[in-house]
Amino acid sequence: MRSLMVTLSEAIAHARSQDRSVLTEIESKQVLAAAGIPVAEARLAATADEAAKVAADVGYPVVLKIMSPDVTHKSDVGGVKVGLADEAAVRAAFDEIVAAVTARQPDARIEGVAVQHMARPGTEVIVGMSKDPQFGPVLMFGLGGIFVEVLKDVAFRIVPLQPRDAKQMIDEIKGRAVLDGVRGGEAADVSALADLLLKLSAFVEANPRVEELDLNPVFAYKDGVIAVDARIVIGETP
Ligand code: ADP
Ligand code: MG
């Protein structure tokens, strides 16, 4: 198994050798973890046996996701199974994922699955970075699900962010009250969210090859946050 600490340049070199500009979830999370960003660590398993072994290692319940250089939206092709409680469930999920992806995308190269511990539910938020032709890297923050898809309730700031920018960004979304907890739900750790935005800003500033970045979703708890999905897109050599 490759070391869990992977530098961005190593990940880029590997992706380039496969003619990819999108880092896999596993690569993206390794690079972000090395930058101090909290992620649900994901490990590659090429077979059902390996998946069972990794699952025992990371602790049940686990999530399995398709790992293919040809698949970026994993759930769209039946490539994500959550809430797997034991080895039998992991083995079945491995076969189901490979079958579903093969049926929907017969020419997809399948490397295996990413195995990760299933994070407990939290308030779902999304964080992204894209490059504006005039302003350069811009960070986006919003609540997950319908808030972003239907209501487009998101806030933007130009990189680099100051602590005040991170706080304002969080406070200015229309659904801000959701972060205080709704219907008895847990409040979200707003200072951990602000810290995440600042760390991403620093990461993006230090790594101009990063063209696009998505953490979708991030789960926010009363104490801390964790990105359960991550995607980094690499640009042309600057
Ligand atoms: P996609 O490529 O389709 O965006 P995701 O990795 O975001 O795939 O997984 C789909 C959904 O599964 C997420 O929105 C989240 O609700 C859930 N999920 C994924 N990973 C985890 C995890 N480690 N713990 C808990 N839930 C997860
Ligand atoms: Mg996702």
Side-chain angles (χ1 to χ4, degrees), residues 4 15 20-33 37-45 51-52 54-86 89-90 93-94 96-98 100-105 108-130 140-150 153-154 178 185-186 188-189 192-193 196 200 212-233:
L4 293 176
R20 285 186 282 132
S21 60
V22 183
L23 302 188
T24 65
E25 175 181 342
I26 293 178
E27 291 166 341
S28 301
K29 284 179 167 178
Q30 286 171 332
V31 165
L32 291 166
I37 290 155
V39 300
E41 182 201 310
R43 295 202 226 156
L44 181 69
V54 178
D57 250 33
V58 299
Y60 288 101
V62 298
V63 177
L64 258 55
K65 305 184 197 176
I66 190 69
M67 275 301 107
S68 163
D70 306 308
V71 173
T72 39
H73 298 288
K74 301 171 292 285
S75 351
D76 292 356
V77 292
V80 179
K81 297 268 179 199
V82 301
L84 308 171
D86 54 32
V90 166
F94 185 96
E96 284 164 26
I97 285 174
V98 172
V101 175
T102 308
R104 279 178 230 190
Q105 217 175 303
R109 293 163 288 177
I110 295 175
E111 296 182 344
V113 300
V115 183
Q116 57 204 271
H117 183 69
M118 181 156 173
R120 68 184 175 86
T123 305
E124 282 194 28
V125 306
I126 64 167
V127 181
M129 184 280 288
S130 56
M140 185 208 66
F141 170 79
L143 295 165
I146 62 157
F147 288 98
V148 59
E149 280 154 27
V150 183
D153 182 15
V154 291
V178 171
E186 186 178 352
D189 186 340
L193 284 173
L196 173 69
L200 281 172
E212 230 180 281
L213 187 156
D214 284 297
L215 303 183
N216 182 8
V218 173
F219 289 176
Y221 305 114
K222 69 174 180 337
D223 199 357
V225 300
I226 189 163
V228 302
D229 189 19
R231 190 175 69 108
I232 289 175
V233 181

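Atoms within each ligand, like the ligands themselves, are counted from 1 in listed order. Because the structure is a prediction, the values reported are computed rather than measured.
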[X]: numbered ligand 1 atoms lying under 4.0 Å from its heavy atoms:
X    : result
Q116 : 20 (N), 23 (N)
F219 : 25 (C), 26 (N)
M118 : 24 (N), 25 (C)
D229 : 1 (P), 2 (O), 4 (O), 5 (P), 6 (O), 7 (O), 8 (O)
T72  : 2 (O)

Does the side chain of P61 reach to within under 4.5 Å of the side chain of L84, using non-hydrogen atoms?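 No. Closest side-chain heavy atoms not under 4.5 Å.
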Restricting to distances shorter than 2.8 Å, give the number of protein N, O or S atoms close to the Mg ion (ligand 2). 2
Side-chain donor/acceptor pairs under 3.5 Å, residues 218-229, sequence neighbours excluded:
residue: Y221; atom: OH; partner: R120; partner atom: O; Å: 2.4
residue: D229; atom: OD1; partner: K74; partner atom: NZ; Å: 2.9
residue: D229; atom: OD2; partner: K74; partner atom: NZ; Å: 3.4

Minimum-distance protein heavy atom relative to [atom]:
atom                    : result
atom 27 (C) of ligand 1 : V228 CG2, 3.9 Å
atom 24 (N) of ligand 1 : A119 N, 2.8 Å
atom 6 (O) of ligand 1  : K65 NZ, 2.7 Å
atom 16 (O) of ligand 1 : E124 OE2, 3.8 Å
atom 17 (C) of ligand 1 : V82 CG1, 4.0 Å

Interatomic distance, [X] atom [atom1] to [Y] atom [atom2] [nearest 0.5 angstrom]:
X    : Y    : atom1 : atom2 : result
I110 : M67  : CD1   : CE    : 11.5 Å
F141 : L196 : CZ    : CG    : 9.0 Å
I232 : K29  : CD1   : NZ    : 12.0 Å
I37  : L215 : CD1   : CG    : 7.0 Å
I26  : E111 : CD1   : CD    : 8.0 Å
L213 : L32  : CG    : CG    : 5.5 Å

Where L23 and A15 come nearest, the two heavy atoms and their spacing: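 It is CD2-CB, 3.7 Å.
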Correct closest heavy-atom pair for V90 and A52 would be CG1-N, 3.9 Å
Check the pair K81 / E96 against side chain to side chain contact (heavy atoms under 4.5 Å, CB included), numbers first and verdict last. CA-CA 9 Å; K81 297 268 179 199; E96 284 164 26; 3.1 Å; yes
Residues [X] and [Y] bridged, charged N to O under 4.0 Å:
X   : Y    : answer
E41 : R43  : yes
E27 : R231 : no
K65 : E25  : yes

Does ligand 1 have an atom under 4.0 Å from some heavy atom of H117? yes
Within less than 4.0 angstrom of ligand 1, does N216 place any heavy atom?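 True for this residue.
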Any N or O of P217 that comes nearer than 3.5 Å to an N or O of ligand 1?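 For ligand 1, there is no N or O atom that lies under 3.5 Å from one belonging to P217.
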Based purely on interatomic distance, does H73 place a nitrogen or oxygen under 3.5 Å from a nitrogen or oxygen of ligand 1? no
Heavy atoms only: which of S75, A230, A42, A40 is nearest to atom 1 (P) of ligand 1? S75
How does V63 reach ligand 1, by side chain, by backbone, by both or by neither, if only non-hydrogen atoms under 4.0 Å count? side chain
Please tell me if atom 11 (C) of ligand 1 is touched by the protein, where touching means a protein heavy-atom distance below 4.0 Å.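 False for atom 11 (C) of ligand 1.
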